[in-house]
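Remember, it's 1-based here, ligands and their atoms both numbered in the order they're listed. Start at 1 with the first residue, then count along the sequence.
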Amino acid sequence: MADFRCIPIPSELGERWRRTGLDDAGNRLRRVTDAARPAEPGGSRLNGTGSPCRHCLQDATPGQELLLGSYRMPRPQGIYWTPSPIFVHAESCAGFDGINEIAPIVRNRLVSVRAYDRDHQCLYDLGHAGDGNAVEEPLLRALDAPRTAFVSIHTAKPGCMLCQVERV
Ligand SMILES: [Zn+2]
């Protein structure tokens with residue numbers, strides 16, 4: 001198995017958003033506060049336990065304030081490029097830096113795994129959608145394929161980017 005890391009957004013991005021109040025598209029950031037969420041049927045955690053911060057890669061806890069804005073994703077470039085709505089903690093937080101560790105925000109929701117090659121072509125046969133608690137197998141399958149340059153993990157329903165993953 002290749003070593004991998006889940007990549008948070010750059011720390012400078014969160015600092016800029018907090019400083020300017022504007023997202024990457026010039027929209028005014030929305031400030032949202034997470035409320036306590038009702039338990040899901042059967043103890044499932046497929047809607048997350050809070051809004052997912054893309055810097056510490058942790059779900060917000062009730063009462064925490066987040067900034068919601070549009071993120072100009074650095075990749076894939078070209079035909080597959082899209083911006084993504086993301087949450088970032090309103091207060092400074094520590095960037096995630098685990099190795100071989102699935103980001104906590106990927107664990108507890110329905111996710112979509114998208115693999116891309118070095119030309120940023122989507123590798124459809126390595127794509128997957130399912131429970132983030134069981135993401136290792138499809139994620140490692142994508143990362144173990146030599147043609148994969150990077151993987152992007154998104155929420156399966158709204159399609160927002162959670163983090164990207166690359167071999168280290
Ligand atoms: Zn955070």
- Of the backbone and side-chain N, O or S atoms of C56, does one lie nearer to the Zn ion (ligand 1) than 2.8 Å? yes
- Message: Test of geometry: compute the angle SG(C53)-the Zn ion (ligand 1)-SG(C93) and round it to 10°.
- Response: 110°
- Task: Enter the distance from L139:CG to D144:CG here, rounded to the nearest 0.5 Å.
- Result: 9.0 Å
- Do H55 and S11 have a side chain donor and acceptor closer than 3.5 Å? yes
- Task: Please determine, by modelled atom types, if D23 and S70 share a side-chain donor-acceptor pair under 3.5 angstrom.
- Result: no
- Message: Once salt bridge (charged side-chain N to carboxylate O under 4.0 Å, His left out) is applied, do any residues pair with R75, and if so which ones, sequence neighbours excluded?
- Response: E166
- Message: Which atom name would you report as the N, O or S atom of H89 nearest the Zn ion (ligand 1)?
- Response: ND1
